[in-house]
Amino acid sequence: MQRAFSLIYLKSLLFFEIQWKRLKSITEWVKPALGGLAVGIVGYLYPQVLGVGYPTVESALGNHLGFGISIVEAIEG
């Protein structure tokens, strides 16, 4: 399971990096604003991924997190 999760994380990271470099029509000062907007949306939908993270890490180690929140944490963190 960890291999699959690592592979998904790596592939998604590379995909978004390539897509980000393709955005030539967007000025450089808008790109950080888009990143902040994305983090804000994720933080609004899943507030447990923001902050220090100790409760979330405990939940992850105790296998109490759902698959969706695990994916969000992997993408954001």
Side-chain angles (χ1 to χ4, degrees):
M1 179 68 177
Q2 289 177 346
R3 276 189 187 172
F5 189 70
S6 299
L7 185 62
I8 291 170
Y9 176 72
L10 180 64
K11 292 290 185 179
S12 65
L13 184 65
L14 291 174
F15 171 77
F16 285 113
E17 187 175 338
I18 290 168
Q19 296 304 317
W20 195 252
K21 288 180 182 178
R22 284 185 174 176
L23 294 175
K24 303 232 186 251
S25 62
I26 297 177
T27 59
E28 289 299 315
W29 62 270
V30 174
K31 290 181 180 180
L34 291 175
L37 180 65
V39 170
I41 290 171
V42 168
Y44 181 75
L45 295 175
Y46 300 102
Q48 60 268 35
V49 300
L50 299 176
V52 181
Y54 294 122
T56 307
V57 170
E58 283 183 14
S59 295
L61 292 175
N63 211 10
H64 299 292
L65 286 180
F67 183 72
I69 192 68
S70 298
I71 293 296
V72 169
E73 285 181 346
I75 291 172
E76 190 169 285

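This is a predicted model, so every value here is computed, not measured.
Proximity of W20 to I26: side-chain heavy atoms (C-beta onward) are nowhere separated by under 4.5 Å.
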Legend entry - Test side chain to side chain contact (heavy atoms under 4.5 Å, CB included) applied to T27 and V30, step by step: CA-CA 6 Å; T27 59; V30 174; 3.2 Å; yes
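Hydrophobic clustering (side-chain heavy atoms under 4.5 Å, transitive across Ile, Leu, Val, Met, Phe, Trp, Tyr) keeps I8 apart from L14. Hydrophobic clustering (ILVMFWY, side-chain heavy atoms < 4.5 Å, transitive): V42 and L37 are in one cluster. Hydrophobic clustering of Ile, Leu, Val, Met, Phe, Trp and Tyr side chains at less than 4.5 Å, counting indirect connections, unites W29 with L34. A single hydrophobic cluster is not seen to contain both F15 and L10; linkage of ILVMFWY side chains at heavy-atom distances under 4.5 Å, directly or through other members, places them apart.
In this structure, CD in E17 is found 12.5 Å from CZ in R22, a value given to the nearest 0.5 Å.
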